[in-house]
Amino acid sequence: MLFHPKMSAALTRIAAVRSVEADDAGSLVARKIRTDCPEGMVRVVAELNSPITTLSGQAAAVLLKVKIEAFGGRTEARWRNRLQALVPIEALDTLAADPLLKYLRLPLHPSKLQVTSEGVARTGADRWVSLPAYRSGSAGKICVLDVGFMGYQALLGTELPSKVTARSFRADGDIAAGEDHGLACAEIVHDMAPDAALWLVNFDTDVEEGEAVDWIVQQGIQVISYSLGWYNAGAGDGTGPICADVEFAAAQNILWASAAGNDAISHWEGNFVDPEGDGWLNFSGSNRYLEFHVPAFEEVDVSLNWKDWGTWNGWDYSGTDQDYDLYLYLKQGSSYVLVDSSTNIQKGGGQWPTEDIYGWYTDHDATWAVSIQRVSSTKSVPLEMFIEGNDTAIQYAVAAHSIAVPADSDSAIAVGATDWEDDSYHYYSSQGPTWDGRIKPDLTAPSGVSTATYGHWNFYGTSASAPHVAGGCGLYRGRTPFTASQVRTLLQNRAVDLGPAGKDNLFGYGRLNLK
Amino acid sequence: MKTRIMILAAALFFAAAVSAEAGFHIGLTGAYIRPLDKNQGGAPAYGLSVGLDLASNLSLDVSVLRYESAVTASTDGLSAGQLAVIPLEIGVDARFPFGDGKLAAWAGVAGGYALPQFTYDSTAASAWNAIGFTVVEKVRSGPCLGVMGGLEYALSSTSVLRLEVRYRLMKASGSWSMADRTGGLTQSGTLDNLNLDTLTLGLAVRIGL
């Protein structure tokens with residue numbers, strides 16, 4: 001085969017085959033190399049010697065258009081020095097020899113740059129791709145329940161299934177909600193369980209979440225991926241309104257993979273110690289301030305609760321009559337400047353034992369501090385505080401009991417974070433036990449993985465881990481006949497045990513393993 | 001039940017043999033089986049028979065046949081795989097000669113027991129096995145009943161060629177299980193009312209002894 005110096009090798013091959021074989025042989029070759037070949041013509045790009053914006057370029061383009069039409073072809077588009085046209089295969093040689101042309105080639109096509117979480121291979125989910133479903137009834141149905149799915153439409157057919165069901169339970173009905181967190185989670189779910197049907201559901205409040213879960217149950221969803229956590233929304237013993245949503249879903253045989261939380265370095269707990277009797281809690285010695293560092297423009301949220309929630313009756317707690325208040329300070333030099341306080345009244349009228357301050361930030365990196373004041377108390381109860389916004393461990397951090405609500409629910413599969421590459425524990429991953437003494441998390445799964453939304457090796461947190469488990473659950477539910485409770489048993493039986501032998505408060509049963 | 005039927009069939013056959021005036025014959029059958037369940041594919045079948053001439057135009061036969069059909073998965077039925085079936089039957093048929101006696105029509109009924117064996121698709125089984133799951137599917141044996149008829153042509157004084165069409169009724173049940181070898185967890189279920197009915201088009205040679 002002779003190569004024309006002004007024609008690409010692929011076009012030369014098409015032209016050569018056409019010249020020595022049957023009329024449609026060139027078309028067949030064109031199809032083989034995935035080239036458009038409508039009406040026996042081939043789509044080409046003719047590169048001119050000069051841009052069309054110049055006089056000579058424009059003249060060349062016009063002349064070339066006439067010549068192509070004379071061959072029975074037609075031009076389709078032009079830009080700068082490139083002219084896109086459909087040309088009969090038998091005219092390729094003649095056209096390439098034309099002095100108006102610099103080069104004749106096939107059009108370039110973009111590639112869809114797909115990103116797959118490294119957790120897929122780590123957990124063995126990739127080995128399920130070739131597995132036929134066995135008496136599962138239907139492909140998995142997985143719902144990502146999150147705060148927002150900004151830009152999900154752009155990822156349909158690549159990072160997400162070509163079709164998803166999206167539904168917002170926000171008051172404003174905005175599925176995007178200015179957040180792409182849910183989108184990154186959905187990507188991982190799809191990476192893990194590519195043939196599972198996907199629902200994207202968002203909400204903003206506890207009430208909206210309740211409505212969303214009701215609707216999810218009606219959809220016949222089998223698995224919920226939940227990379228969210230709540231503070232001051234439950235006693236940390238598996239009770240409370242958010243945990244009730246999980247229990248309701250679990251009662252309908254829905255598996256709920258819940259991020260354990262990223263609070264191992266942002267959590268404090270202790271009893272009220274006040275040797276001076278001044279009404280302020282001493283975190284250590286005589287120090288009544290707990291400090292933490294927050295980067296510029298990072299929002300500071302502080303949530304305090306104490307373990308006197310009363311009895312949970314299925315929709316509310318009986319409440320507390322122990323009263324503490326929370327104070328937030330900005331450290332300036334060696335002094336603390338009061339910024340905000342939370343002084344809810346707790347007098348036994350059903351009030352929850354919670355105080356929270358949120359929404360503060362500075363335009364520079366800063367050290368903040370909190371203090372806790374006793375208003376009235378008749379007994380000693382453990383106090384617990386979660387801080388958000390800190391970039392390093394808070395002072396006096398206590399990792400134990402840092403599991404976020406609703407991962408503390410017995411019905412949730414609480415998922416901690418381990419490194420996708422070596423299964424090492426990620427320092428921030430929340431630890432158990434729960435406040436009623438149960439070991440949590442239940443499993444760990446890869447974190448620090450790649451997604452199109454967050455980039456290469458850039459999705460950290462138990463938020464990244466939970467969708468891996470949700471995807472794994474989707475594989476089991478979509479391809480095996482095992483029930484939801486059996487799938488939980490399978491997950492724990494097959495987990496790669498990490499840390500101390502058996503279930504422990506860092507790794508649970510171990511890292512998700514599907515092989 | 002199965003044993004009783006087999007004993008009864010054997011007793012019937014030998015009682016007839018003892019009291020019969022004429023001799024025995026043996027036969028070889030080649031056939032094409034078309035299962036009536038759309039998820040089971042057609043398949044060639046091979047079999048043999050031993051018969052007893054009860055009268056000049058009445059015979060009693062014990063026959064065995066084997067076929068193996070490819071199964072595609074269905075929701076309530078079997079998974080993808082191979083279903084081998086061996087119907088073991090005893091039947092009575094009557095000949096109705098016409099013309100010069102070389103050609104005859106014949107018809108009969110048969111009953112017995114079908115012995116099915118299902119093998120789950122080997123590729124799928126290997127794939128599941130590779131990640132620690134064992135899949136087993138079984139079909140239990142059960143009674144079968146058939147009606148048949150056709151034409152018979154006498155090749156010689158001791159041999160005949162038979163064209164046979166047979167409709168065989170076979171209902172079976174079975175079970176399935178998927179077991180996780182890592183933790184011993186097993187999920188299982190039953191397969192009820194499996195339809196193993198078949199239509200057979202066969203050619204048999206019978207040789208008198």
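Treat the numbers as computed from the prediction; the structure is a model and nothing was measured.
A 6.0 Å sphere centred on CD of A:Q219 holds more than 12 heavy atoms belonging to other residues, nucleotides or ligands. The number of heavy atoms from other shown groups lying within 6.0 Å of CG (B:N193) does not exceed 12.
Summarising the geometry of B:Q187 relative to A:P481, their closest heavy-atom pair is NE2-O, 3.2 Å, with the distance given to 0.1 Å. Residues A:R135 and B:T75 approach most closely at NH1-O, 3.7 Å, considering heavy atoms. Nearest heavy atoms, A:Q486 versus B:T186: NE2-O, 3.7 Å.
Classification of the A:F482-B:F133 ring pair by plane angle, with boundaries at 30° and 60°, yields tilted.
Residues from residues 194-209 of chain B never place a non-hydrogen atom less than 4.5 Å from a non-hydrogen atom of chain A. Residues of residues 165-175 of chain B never come within less than 4.5 angstrom of chain A, heavy atom to heavy atom. Among the residues in residues 471-480 of chain A, those with a non-hydrogen atom closer than 4.5 angstrom to a non-hydrogen atom of chain B are A:Y476, A:R479, A:T480. Proximity to chain B at a heavy-atom threshold of 4.5 Å picks out A:L514, A:K515 from residues 498-515 of chain A, in numerical order.
Considering only heavy atoms from C-beta on, B:T182 stays 4.5 Å or farther from A:L490 through its side chain. Side-chain contact between A:R494 and B:D180 is present, with heavy atoms from C-beta onward closer than 4.5 Å.
Only the backbone of B:S177 comes within contact range of chain A, judged by heavy atoms closer than 4.5 Å. If you measure heavy-atom distances from B:S79 to chain A, the contacts under 4.5 Å come from both the backbone and the side chain.
The greatest number of non-hydrogen atom pairs below 4.5 Å with chain A, out of B:A73, B:A130, B:S188, is found for B:A130.
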Item to check | Worked check of ring-ring contact (aromatic ring centres under 6.0 Å, His included) between B:Y120 and A:Y134 | outcome: CA-CA 11 Å; B:Y120 180 55; A:Y134 185 74; 5.4 Å; yes
